[in-house]
Structures are given as C-alpha cells and as structure tokens.
Amino acid sequence: MNQSLNVIIDDSLDIKSNTHKIYIHPYFQSIKEQEQSTILNYHWEDYSKLKKDYSYLNELQFKLTNKIGEFLNTFHNTDHSNKYWKILIGSWLHRYCVSIFDRWEMTTSLLNLNKNITIELKKYFEKDMLPQSTDELNNLSFLNDYNAYLFSKILDHRFSKNKNFSIILRDVKPENFFLNKLKFRQKPNLKYKLLKIYNFAFSKKLRNQKFVLLRTYLGKKELFKLNFKLLQIPNFIPNNYYNCEPDIDLRKKIKINFHTDNSFEKFLINNIFLFLPVSYLEGYQIEKKKIHQLSLPSNPKKIFSSNILNKSLLTRYCADKTENGSKLILGTHGGSYGHYDLHFYEKHEIEISDQYLTWGWKNKAISKVTPFGIIRPQIKFFKKKKTNKLTIIIPAMTVFEEKIESHISLIKNKKFIFEPVFKILDNLDSGLKKKNILLRFYNRNFGCNEFEIFNKKYPSINKDKMEMKFDKLLSETKIFLSPYLGTGYLETLSLNIPTIVFNSKDNSYLIRDDAKEHYENLKKVKIFFDDEKQLANHINNVWNDVDSWWKGHDVQKIVKDFCKEYAHKNDNKIKDLKNLLIN
C-alpha cells in the first residue's frame, strides 16, 4: 500500500492531520523544526534544466504572442503589428507561461512520488481571481491565495480523476486577497484629483509636446531639468487598477487556432483567457479613453522610459504610439542587467525598443544597445569622519518568480541570500557582530520572510526596514556588502564607497561569460568573493584600517575599470539625453 502524504500548498488553512507533510517550498511560517515533514524537490535547482526551459518558453511565447495578437486584432477590429502586441502583452505572456509551467512541473514531481496524496485548498472562483490589469497583478501575484489558485487549476485538470490524489476544496474566503484588491481600488485621492486638474489646464500644451518622459528613474530634479531643456512641462501617468467586470462566459467560449500534442501547452492555451487581464479584452477600449484623458502627447517623436513593463497604461501608450511611428528609447534601471546569464526583462526590453541605454556595458551583436551610464540620480551624502557600519543589503524575494532570471534556481533551497549570509555572519568577529553590522531589509514581504528568518537567527544584530534614509545610511557605512548581484553595489562602487559583493563559486553560472573577466578582476583586489569564509576573514582583517585596502592603487584602478563597464557616472547625463531625443 502506498504511503499517504499531505501536501501543503496553502498553510493559512488549519490542516489537522498526523500524516507526513510535504511542503511545496521552505518559507511557510507554519513549518516546525520537530515536525515530520519534507520540502518538495524543486525542478529548477538543476540549472541546465532552467536554461533549456528558458529557451523552450521563449519560443512558445513568441508563437503565442502572434496567435493572441491575431485574435485580439479580430476581437477589437484592429490591424496592429506583431511588435505592437509584443510591447503590450509580451511581458504578461512571459509571466503567465512561466507561472503555469513552474507549477506544472512541480505537480509532475508530486505525481512521480507515487504516493497517496491529499491536498486541501480554498474554493476559488475564476471571476474573483482574474486581474484587471498588470498593475493589479503586480499586487496580487505574490500572495499565497494567487499561488494556491494557480495550483488548484492545474491539480483539478491533471488529477481530478486520479485515485491517488484527493483534492479537498474548503469553503474559506481568501480574505487577504480581497483586501489587497480593495486597497488599490480606493476612490480617487487628492493626488489623482490634482493630476486631473493639471491635465485639463495644460491639455493643449501637453498634447502638442514632441517628447515623452515617463518613469525615467531620473529623479524629480533631473527630470525637471530635462523637460526644461526640451521646453516642455512634465507628463504623468498613473497606475490602473480597475476597468470593468470580466465576462467569464465569453472567455470560456474563446478558442484560438494553436495545434499541439503537448499536454502542458494544451492546458496553457485552453486557460489563457481565464488569466488574461481585463485591460486586454473587455477593458481595452476603456483604457484607450483613460489614456486620452491624461493629455499625453498625441504624436510624439520619441518616448523615453527606464521601466514600462507591467505598467498597464504606460505599456498601452507606448504600443499605440510606436505603432504610429514614435521611437521608443528604454533605459536599464540597474540590477543584474548586463551581468546575469539568463535575464528575460533585458532580452525583452532590447527587442521592443528602438534604442537601449545601459549603465556602461555593450552588446557587440546588437547595435541599438548603447553604453550611457547610470540613469538614476547620484546619491548625495556627507561621509562621517568615523564610519562604523558594515551594511548588508537583504533583498525581498518572491517564493515563485514570474520572470526567468539566473538566480531562481537557488531560491527554493535557500542558497540565494540565506545560507551565504548565514555563513558570512557566523565567521565575522563577535565584536563586529555586536556593534557594527546593520542588516537592511526591504519594507515589504513577498513571501520569503527574510526579516523574520534573520531576526529569529540573529536577534541581537541591528536591523533596518528602510526606516533610515539611504543617504544617511551611506554616510555611516564603513563597508557596503551586497550578497547578490543587485543594484546597490553598482551605485556604491560608482560613489567609491568601500564595497564587497558576493556570489558563490557553486553558482558561478549566474554570471554571463563576457562579464566573468570583470568579476575576476574584482576578485583579485578582494572586492568580489565567491567563498563566504574568505569574505568574512577579509572584513575581519581590514576593519580597523579599511583605507589601507580600499585606497590602494590596484583597487582604485579596478574599481574605475569596472564602473566604466557597469556603473559609469555620466556627468553630462541630461545633455546627452536631450541630444538623443532631439537628434
């Protein structure tokens, strides 16, 4: 007789069972150390599989973009190009494909256990779970209920007739999910009303402007300067959290012509309109009206943004205007762009843009990729004569990533952030741990419970959840430590703040080949480490005289060379942006 297992997908349900539990990920707060339980092996811990699946999903997404675009053209009586639909739905389609495929593979792992499996879930209704827009999806997709809903759809499809699976649906409302929806659908506030007055008062001027600057990441001061040099006034575009109610009966009737014998692809395609945001179907014309009311330029020559993805009205506006001949200039907003081996957003943004501005790196195969420099405003701070903080940045991660980047192979086994930082902290001098370390956390929890985990393990170490302003933090920082390839260490290196960055030698595959040489150079001067103990020993050794290490000739040369490639400080940023726009 097969052993019985209770698979935990939603730990908000009070599951009373003495049966051995298997959790789908290790971040449930209900997991007890003494409990008889295990964590489901994660299929993408095998990086070669992740790379193979990334290629497969990219190819599938390309085919689906064309097919969905053809249908939406017919449905809306339009004749838009493939590029239009790629701009509008490409990022969402990637999220959808990755989210379903990831959980499909996890349910395959359950099937391969060859056990009698019981799973308890809430009873969800399709209309409740369908997002209005990508703006709304951003606030829902990381929630426990949305994850459980995705699993419930797949489990029902695959195992409802499998005698080894018992799927129990409990009549419990997903209260937290509904609260998040309502939170962002509140009535217009004062900011919204003022924006409406502004757009009405300056409508003629705004509509006749030739350049669009939205979500540039320049900061308010530099954005004002650039608009001033272009003889313009600022444009604004809000998020969109509601259009109209979805027509579920209509969506269930829609079929697209996509032949496949693959069971995953059949499920993906048959359910796609039960996940497609309202803004692409029933709310398509409503979004058009909303954009018109914003008094955005009617016929711009160029649009510049550093992040249009997953922003409903902005993405729609860019798709509409590029279709009519406007040029789209996109800028990198930091992080692992140019560094990671796999990075969907970077690939997608390059494909949909007419020119792509980086923080310094090049792509010899793609001429539109242009080294430009850091677009974010330079952080201004006054460094104290006696700095005393070892600042360690801890990012906020989602349990289930919706976009493929190299590091997602490490999240489920805690080899990304948790285990490396634990080893580093455990090897630092005790005096330094008591007085000098500051763990800096993001002020939101996307499911991995970073603050709670670190607080439990290291209760006496100082922590900050973004209460301290970043400029003040840097003014007190003696060494800045980034235990991952994010944005922070690029900015601190460009400011010449003593910086250390870590990526384990076991995970060297995260870094793309043409970037490895630059990291090897950082390693030679003890800025980059791939061994936790060596990193900790270096900090212990230099802590009382950091300048003797950091201000050395070789260190400064390597920092300068690295920043030229990945964190270039462009002193003529506004002038250069103006020239890119007007020429």
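Using a distance-only test at 3.5 Å, with no hydrogens or angles considered, a donor-acceptor pair links the side chain of W359 to the main chain of T332. In this structure, T391 contributes its side chain and T477 its backbone to no donor-acceptor pair below 3.5 Å. Side chain of Q61 to backbone of G90: a donor-acceptor contact under 3.5 angstrom is found. Judged by distance alone, with hydrogens and angles left aside, the side-chain atoms of N541 form a donor-acceptor pair with the main-chain N or O of N537 at under 3.5 Å. The backbone N or O of L137 sits nowhere less than 3.5 Å from a side-chain atom of T134 that would complete a donor-acceptor pair. A donor-acceptor contact shorter than 3.5 Å links the side chain of R440 to the backbone of M468. A donor-acceptor pair under 3.5 Å links the side-chain atoms of T370 to the main chain of K368, judged by distance alone. A donor-acceptor contact shorter than 3.5 Å links the side chain of R316 to the backbone of Y284. Although no hydrogens or angles enter the test, the distance criterion places a donor-acceptor pair under 3.5 Å between the side chain of D354 and the main chain of L328.
Note on ring orientation: taking the six-membered ring where Trp is involved, the planes of Y241 and F184 are tilted (angle from 30° to 60°). Between Y54 and H94, the ring planes are perpendicular. Angles over 60° get that label, and only those under 30° would be called parallel. A tilted orientation is assigned to the rings of Y337 and H343, their planes being inclined by 30° to 60°. Taking the six-membered ring where tryptophan is involved, the planes of F562 and Y566 are tilted, since the angle between them lies from 30° to 60°.
With salt bridges taken as basic N to acidic carboxylate O contacts below 4.0 Å, none links K524 and E520. By the 4.0 Å N-to-carboxylate-O rule, K52 lies too far from D46 to be salt-bridged with it.
The minimum heavy-atom distance between N307 and L314, with the atom names listed, is O-CD2, 3.8 Å. Considering all non-hydrogen atoms of both residues, G335 and H339 come closest at O-CD2, 3.7 Å. The two residues L493 and V559 have their closest heavy-atom pair at O-CG1, 3.8 Å. In plain terms, the two heavy atoms of E402 and S99 that are nearest each other are CG-OG, 3.9 Å. Pairing each heavy atom of K49 with each of H43, the nearest pair is NZ-ND1, 3.1 Å. Minimum interatomic distance between P234 and L206 (heavy atoms only, all atoms of both residues): O-CD2, 3.5 Å.
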Item to check | From CA spacing to verdict: side-chain contact (heavy atoms from CB on, under 4.5 Å), S91, T315 | outcome: CA-CA 10 Å; S91 178; T315 307; over 6 Å; no

Next on the checklist: Please determine whether salt bridge (Lys or Arg N to Asp or Glu O under 4.0 Å) holds for the pair E565 and K362, giving the CA-CA distance in whole Å, both sets of side-chain angles, and the decisive distance to 0.1 Å.
Outcome noted: CA-CA 8 Å; E565 291 291 326; K362 309 173 187 67; 3.7 Å; yes

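Residues E346 and Y340 bring no donor and acceptor atom of their side chains to less than 3.5 Å of each other. With 3.5 Å as the limit, one finds a donor-acceptor pair spanning the side chains of D102 and Y42. Between R95 and N310, the side chains place a donor N or O and an acceptor N or O closer than 3.5 Å (distance only, hydrogens not considered). Q556 and N496 share a donor-acceptor pair across their side chains, judged by distance under 3.5 Å alone.
Evaluation of the ring-ring contact (aromatic ring centres under 6.0 Å, His included) test over residues 204-232, restricted to residues two or more places apart or in two chains, returns Y217-H333. Residue pairs meeting the ring-ring contact (aromatic ring centres under 6.0 Å, His included) criterion with at least one partner in residues 476-513, sequence neighbours excluded, are Y47-Y509. Counting only residues at least two apart or on different chains, no ring-ring contact (aromatic ring centres under 6.0 Å, His included) pair has a member in residues 372-399. Every pair passing salt bridge (Lys or Arg N to Asp or Glu O under 4.0 Å) that includes a residue from residues 498-509 is listed here, sequence neighbours excluded: K505-D531.
Between K523 and D530 the shortest side-chain heavy-atom distance falls below 4.5 Å. A heavy-atom distance below 4.5 Å is not found between the side chains of L213 and L218. Contact annotation: the side chain of I272 approaches that of L93 to within less than 4.5 Å [non-hydrogen atoms, C-beta and beyond]. Taking 4.5 Å as the limit, some side-chain heavy atom of L473 sits within range of a side-chain heavy atom of K389. Using a 4.5 Å heavy-atom threshold, the side chains of Q534 and K526 count as separate. Annotation: side chain of C563 is not in contact with side chain of K569 (no heavy-atom distance under 4.5 Å). The closest side-chain heavy-atom distance from W543 to L390 is below 4.5 Å. For the pair L57 and F344, the minimum side-chain heavy-atom distance is 4.5 Å or more.
Other residues, nucleotides and ligands contribute over 12 non-hydrogen atoms within 6.0 Å of the OH atom of Y56. Annotation: K83, atom NZ; neighbour count of heavy atoms from other residues, nucleotides and ligands within 6.0 Å is above 12. At most 12 heavy atoms of other shown residues, nucleotides or ligands fall within 6.0 angstrom of atom NZ in K533. Within 6.0 Å of NZ on K205 lie more than 12 heavy atoms contributed by other residues, nucleotides or ligands. Within 6.0 Å of atom NZ in K288, 12 or fewer heavy atoms from other residues, nucleotides or ligands are found, so the atom counts as exposed in its surroundings. Sparse packing is recorded around CD of E59, with 12 or fewer heavy atoms of other residues, nucleotides or ligands lying under 6.0 Å away.
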Side-chain atoms of residues 410-421: list all donor-acceptor pairs with protein atoms under 3.5 Å, sequence neighbours left out, distances to 0.1 Å.
| from | atom 1 | to | atom 2 | distance (Å) |
| --- | --- | --- | --- | --- |
| K412 | NZ | V399 | O | 2.5 |
| N413 | OD1 | K415 | N | 3.0 |

Side-chain donor/acceptor pairs under 3.5 Å, residues 575-583, sequence neighbours excluded:
| from | atom 1 | to | atom 2 | distance (Å) |
| --- | --- | --- | --- | --- |
| D576 | OD2 | N570 | ND2 | 3.1 |
| N579 | ND2 | K575 | O | 3.4 |
| N583 | ND2 | N579 | O | 3.0 |

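Applying the side chain to side chain donor-acceptor pair (under 3.5 Å) criterion to H538, with sequence neighbours excluded, gives no partner residue. Every side-chain contact (heavy atoms from CB on, under 4.5 Å) that D554 has, sequence neighbours left out, goes to V525. A search for side chain to side chain donor-acceptor pair (under 3.5 Å) contacts involving S81 returns E323, not counting sequence neighbours. For N73, the side chain to side chain donor-acceptor pair (under 3.5 Å) criterion is met by T78, W85, not counting sequence neighbours. For Y317, there are no side chain to side chain donor-acceptor pair (under 3.5 Å) partners two or more places apart in sequence or in a different chain. Applying the ring-ring contact (aromatic ring centres under 6.0 Å, His included) rule to F62 yields no partners; only residues at least two apart in sequence or on another chain are considered.
A side-chain hydrogen bond (donor to acceptor under 3.5 Å, both in side chains) with D341 is found for exactly one of K51, R512, K516, namely K51. Residue I424 forms a side chain to side chain contact (heavy atoms under 4.5 Å, CB included) with just one option from L535, I500, I437, and that option is L535.
With a 6.0 Å cutoff to the six-membered ring centre and a 45° limit on the axis angle, K403 counts as a cation-pi contact of Y345.
Remark: aromatic rings of F451 and Y442 are distant, center separation not under 6.0 Å.
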